[in-house]
Enquirer: 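Below are the structure tokens for one structure; questions will follow.
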Amino acid sequence: MSNVRTRFAPSPTGYLHVGGIRTALFAWLLARQQNGSFILRLEDTDKAREVAGSDAHLMKSLRALGLTYDEGPDIGGPYGPYRQSERLATYQEWARRLVESGRAYADPYTPDEVQEFRRQAQHEHQPFLYRNHRPTQPPAWDGTQPLRFKADPKPYAWHDAVMGDLHTGPEVIDDFVLIKSDGYPTYNFAHIVDDAEMQISHIIRGQEFLASTPNYLNLYEALDLIPPIMATMPHILGPDGKKKLSKRDGAKDVLDYIREGYLPEAMVNFIASLGWNDGTEQELFTIDELIQKFSLDHVQRSGARFDEQRLQWMNGAHIRTLSLDELYNRAQGYWPDEAGEYADAYKQRVLGLVQERLKYFAELPELTRFFFVDLPVNPELIASHKQLKKLDTSTLHQLLQTVRDVLNESNFTVPDLTERLNTLLTTTDQKPAVLFSLIRIATTQAPASPGLADSLAVLGKERSLQRIDNQLCAL
RNA sequence: GGCCCCUUCGUCUAGCGGUCCAGGACUCCGGGUUCUCAGUCCGGCAAUCGCGGGUUCGAAUCCCGCAGGGGUCACCA
């Protein structure tokens with residue numbers, strides 16, 4: 001075990017989308033690579049915004065992607081509890097220390113009064129700074145007022161593992177709230193206390209916290225703490241490429257992707273590739289490769305747009321690397337209803353035929369339904385076929401009857417079928433586009449299917465001939 | 001408005017002073033794979049590296065301005 005300890009610290013206010021999960025992923029990769037620990041901490045200090053059940057949903061999402069944590073609310077650990085609402089006494093104690101050292105004071109204003117200060121600042125096109133209104137004789141803190149940090153404004157220069165060297169002037173330092181009037185700590189205070197108590201070595205978080213980092217540095221000083229390594233991730237942008245990806249604008253729950261049959265390793269590969277690369281031309285990575293090759297200093301500083309098309313491609317590519325057994329296991333639950341009765345061996349053969357064209361498992365029913373159920377003859381398939389529609393019915397009938405007679409002699413193995421189909425091409429003097437299309441339509445009644453000989457072999461002789469007979473009757 | 005961050009093909013990106021009139025991938029377009037859809041293989045379109053100045057023999061790469069985009073300025077995280 002190294003002393004690398006990273007954490008993912010979401011607030012339970014809803015589901016996790018691709019943007020949120022990436023912060024978790026990078027923290028997880030770093031911990032795994034350095035043989036460290038990855039901690040899940042729930043930041044549930046805002047009762048108003050909390051969404052019931054979202055804590056469980058969050059944990060489920062992490063597990064679904066394989067981002068297992070070593071310490072967390074549901075599994076405990078040496079620095080628990082890992083739910084901030086259960087750590088109130090700790091924050092009180094640290095707050096008390098700041099009060100005693102004169103670095104925290106009770107906020108005497110009403111919310112309306114503070115709001116008025118803010119409006120005034122906005123009116124003057126100035127940034128709002130509470131410390132401009134810092135009371136000279138604040139009342140004793142009795143817990144009913146917000147407790148504010150007494151900041152020590154000064155310039156800061158610090159290093160960010162992703163963004164590089166950063167610096168700001170004293171004008172950004174302010175007296176922010178440590179403890180709210182309801183007794184809960186703010187994020188600004190709680191995360192610093194917890195990261196210290198939990199021995200966190202690297203803070204990996206989104207860009208929205210960049211502006212408040214100098215304030216955190218000021219608080220670290222007041223608490224006599226050494227700040228962890230900071231790594232600021234750029235935002236993932238929505239499809240429009242402007243705003244950061246957000247639930248409001250329809251960002252999908254990562255669990256929805258899993259439900260649609262995206263592979264966890266493909267999701268992880270894709271999410272990692274938004275803003276990270278290993279400096280080579282490699283695009284596809286296994287989880288182990290990501291753990292091995294990940295590095296914060298190869299993380300992009302600019303935002304990346306979420307492109308679902310690329311995700312589909314990547315998922316398909318991962319699907320194609322799976323062994324048939326493995327693929328079969330993963331595809332459980334995605335079969336069309338009609339497949340229920342069929343034997344594993346049959347379904348596995350079907351799966352083998354569609355493996356190279358699957359993009360995600362939810363496509364399985366439309367791709368394979370005809371292997372399990374006899375679809376009604378669809379005249380549209382011939383009527384809309386560019387070659388077949390030119391032929392008259394009796395020609396088609398005659399052609400298909402010939403096919404039926406020949407296939408009746410076949411043992412329906414792929415080599416034998418291939419051989420006979422090829423011979424039919426010459427004996428009927430038809431182009432593949434005509435002959436094979438006709439057979440394919442007759443035997444599948446589907447607009448698309450895997451290769452003809454393969455499909456026929458899997459369907460079997462009896463069923464194939466029966467379907468040809470059905471087509472003959474309909475002609 | 002103040003402060004901060006960002007800026008290479010439509011998109012994800014490689015690039016860290018010369019090997020780049022910029023490479024890969026997705027998408028798109030053509031062709032092969034004796035039918036379809038997909039996959040796969042081959043080929044193609046596509047960024048004068050946001051703009052303008054410098055530094056240098058030489059800049060996508062360093063410096064300075066400018067512009068555009070984003071973030072932040074909550075008793076939300």
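A note on names: the letters A, B, ... follow the listed sequences, proteins ahead of strands, and every chain is numbered from 1.
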Enquirer: Nucleotides 41-51 of chain B: which of its N/O atoms have a protein N/O under 3.5 Å away?
Expert:
none

Enquirer: Between B:C12 and B:U7, how far apart are the C1' atoms? Round to whole Å, please.
Expert: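 Their C1' atoms lie roughly 15 Å apart.
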Enquirer: RNA chain B: A:Leu274 or A:Pro432, which has the more 5' nearest nucleotide?
Expert: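 This one resolves to A:Leu274.
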Enquirer: List in chain and number order the residues that pass side-chain contact (heavy atoms from CB on, under 4.5 Å) with A:Ser181, two or more places apart in sequence or in another chain; answer none if no residue qualifies.
Expert: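 Here the qualifying residues are A:Pro146.
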Enquirer: Checking A:Ala161 now: which residues fulfil side-chain contact (heavy atoms from CB on, under 4.5 Å) with it, not counting sequence neighbours?
Expert: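 Applying side-chain contact (heavy atoms from CB on, under 4.5 Å) to A:Ala161 gives A:Ile229, A:Ala231, A:Leu296.
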Enquirer: Between B:C29 and B:C37, how far apart are the two P atoms, rounded to whole Å?
Expert: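 Approximately 13 Å lies between the P atom of B:C29 and that of B:C37.
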Enquirer: Using a 4.0 Å cut-off on protein heavy atoms (strictly under), produce a 5'-to-3' string for nucleotides 65-77 of chain B with B for base contact, S for backbone-only sugar-phosphate contact, and - for none.
Expert: -----SSSBSBBB
Enquirer: With sequence neighbours excluded, tell me which residues meet ring-ring contact (aromatic ring centres under 6.0 Å, His included) with A:Tyr328.
Expert: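 A:Tyr328: no ring-ring contact (aromatic ring centres under 6.0 Å, His included) contacts found.
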Enquirer: If the P atom of B:U27 is compared with that of B:C63, how far apart are they to the nearest Å?
Expert: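 Those two atoms are separated by 37 Å.
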Enquirer: What residues form a ring-ring contact (aromatic ring centres under 6.0 Å, His included) with A:Tyr216, not counting sequence neighbours?
Expert: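 Counting only residues at least two positions away or on another chain, A:Tyr216 forms a ring-ring contact (aromatic ring centres under 6.0 Å, His included) with A:His191.
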Enquirer: B:C66 pairs with which nucleotide, Watson-Crick or G-U wobble, both distances below 3.5 Å?
Expert: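 Because both required distances fall under 3.5 Å, B:C66 counts as paired with B:G50.
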Enquirer: So, is A:Asn277 near the phosphate of B:A14, with a side-chain N or O under 4.0 Å from OP1 or OP2?
Expert: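 Looking at the OP1 and OP2 atoms of B:A14, one of them is under 4.0 Å from a side-chain N or O of A:Asn277.
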Enquirer: Whole Å only: how far is the CG atom of A:Leu452 from the P atom of B:U33?
Expert: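 To the nearest whole Å, that distance equals 17 Å.
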Enquirer: Answer yes or no: side-chain N or O of A:Arg440 and base N or O of B:C35 forming a donor-acceptor pair under 3.5 Å.
Expert: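 Between B:C35 and A:Arg440, which were checked side chain against base, a qualifying N/O pair under 3.5 Å is present.
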Enquirer: Whole angstrom is fine here: how far is it from CZ in A:Phe370 over to P in B:C37?
Expert: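 After rounding, the reported distance stands at 14 Å.
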Enquirer: Rounded to the nearest angstrom, tell me the gap between atom CG in A:Leu364 and atom P in B:C37.
Expert: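 One finds 20 Å between P of B:C37 and CG of A:Leu364, rounded.
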Enquirer: Less than 3.5 Å between a donor and an acceptor, one on the side chain of A:Arg357 and one on the base of B:C37, is that the case here?
Expert: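 It does, because a donor-acceptor pair links the side chain of A:Arg357 to the base of B:C37 below 3.5 Å.
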Enquirer: Taking a pair as Watson-Crick or G-U wobble with both distances under 3.5 Å, which nucleotide is matched to B:C73?
Expert: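 B:G1 is the nucleotide pairing with B:C73.
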Enquirer: Taking side-chain contact (heavy atoms from CB on, under 4.5 Å) as the test, write out the residues that go with A:His133, two or more places apart.
Expert: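 For A:His133, the residues satisfying side-chain contact (heavy atoms from CB on, under 4.5 Å) (neighbours in sequence not counted) are A:Tyr109, A:Phe117, A:Phe128.
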Enquirer: Please list all pairs passing the salt bridge (charged side-chain N to carboxylate O under 4.0 Å, His left out) test where one or both residues lie in residues 347-359 of chain A, with sequence neighbours left out.
Expert: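 Those involving residues 347-359 of chain A do not exist here.
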Enquirer: On RNA chain B, check which nucleotide each of A:Leu166 and A:Phe436 is closest to and give me the residue with the more 5' one.
Expert: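 Counting from the 5' end, the first nearest nucleotide belongs to A:Leu166.
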Enquirer: Does the distance from a Lys or Arg side-chain N to an Asp or Glu carboxylate O, for A:Lys252 and A:Glu260, drop under 4.0 Å?
Expert: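 Between A:Glu260 and A:Lys252 there is a salt bridge, with a charged N closer than 4.0 Å to a carboxylate O.
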Enquirer: Check this for me: does any side-chain nitrogen of one of A:Arg87 and A:Glu43 sit under 4.0 Å from a carboxylate oxygen of the other?
Expert: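 Salt bridge between A:Arg87 and A:Glu43, a charged N being under 4.0 Å from a carboxylate O: no.
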Enquirer: Can you tell me, in whole Å, how much space there is between the C1' of B:C28 and that of B:C66?
Expert: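 These two C1' atoms come out 36 Å apart once rounded.
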Enquirer: I want to check something: taking the side chain as every heavy atom from C-beta on, are A:Tyr262 and A:Val254 in contact at a cut-off of under 4.5 Å?
Expert: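 No. Closest side-chain heavy atoms not under 4.5 Å.
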Enquirer: Just to be sure I understand the rule, does A:Gly451 reach a base, reach only the sugar-phosphate, or reach nothing, if contact means heavy atoms closer than 4.0 Å?
Expert: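 Counting heavy atoms under 4.0 Å across all strands, the contact made by A:Gly451 includes a base.
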Enquirer: Once ring-ring contact (aromatic ring centres under 6.0 Å, His included) is applied, do any residues pair with A:Tyr105, and if so which ones, sequence neighbours excluded?
Expert: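 With neighbours one apart ignored, the set is empty.
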Enquirer: Determine the interatomic distance between C1' on B:A59 and the same-named atom on B:C21; round to the nearest Å.
Expert: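 After rounding to an integer number of Å, I get 14 Å for this pair.
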Enquirer: Report the residues that fulfil side-chain contact (heavy atoms from CB on, under 4.5 Å) with A:Ser85, sequence neighbours left out, ordered by chain and then residue number.
Expert: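 Scan of A:Ser85 (side-chain contact (heavy atoms from CB on, under 4.5 Å), adjacent residues dropped) gives A:Asp44, A:Arg83, A:Tyr184.
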Enquirer: Table please: side-chain donor-acceptor pairs of residues 368-377 of chain A below 3.5 Å, with sequence neighbours left out.
Expert:
residue	atom	partner	partner atom	Å
A:Thr368	OG1	A:Leu364	O	2.8
A:Arg369	NE	A:Glu338	OE1	3.3
A:Arg369	NE	A:Glu338	OE2	3.3
A:Asp374	OD1	A:Arg463	NE	3.2
A:Asp374	OD1	A:Arg467	NE	2.8
A:Asp374	OD1	A:Arg467	NH2	2.9

Enquirer: Going 5' to 3' along nucleotides 21-31 of chain B, which nucleotides have protein heavy atoms under 4.0 Å from the base (write B), which only from the sugar-phosphate (write S), and which from neither (write -)?
Expert: --SBBSS----
Enquirer: Distance check, C1' atoms only: B:U8 and B:G69, in whole angstrom units.
Expert: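 Each nucleotide's C1' atom is 16 Å from the other's.
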Enquirer: Work out how far the P atom of B:A77 is from that of B:U72, and round it to whole angstrom.
Expert: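 Looking at atom P only, B:A77 and B:U72 are 14 Å apart.
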Enquirer: Determine the Euclidean distance between corresponding P atoms of B:C9 and B:G52; express it in Å to zero decimal places.
Expert: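 16 Å, rounded to whole Å.
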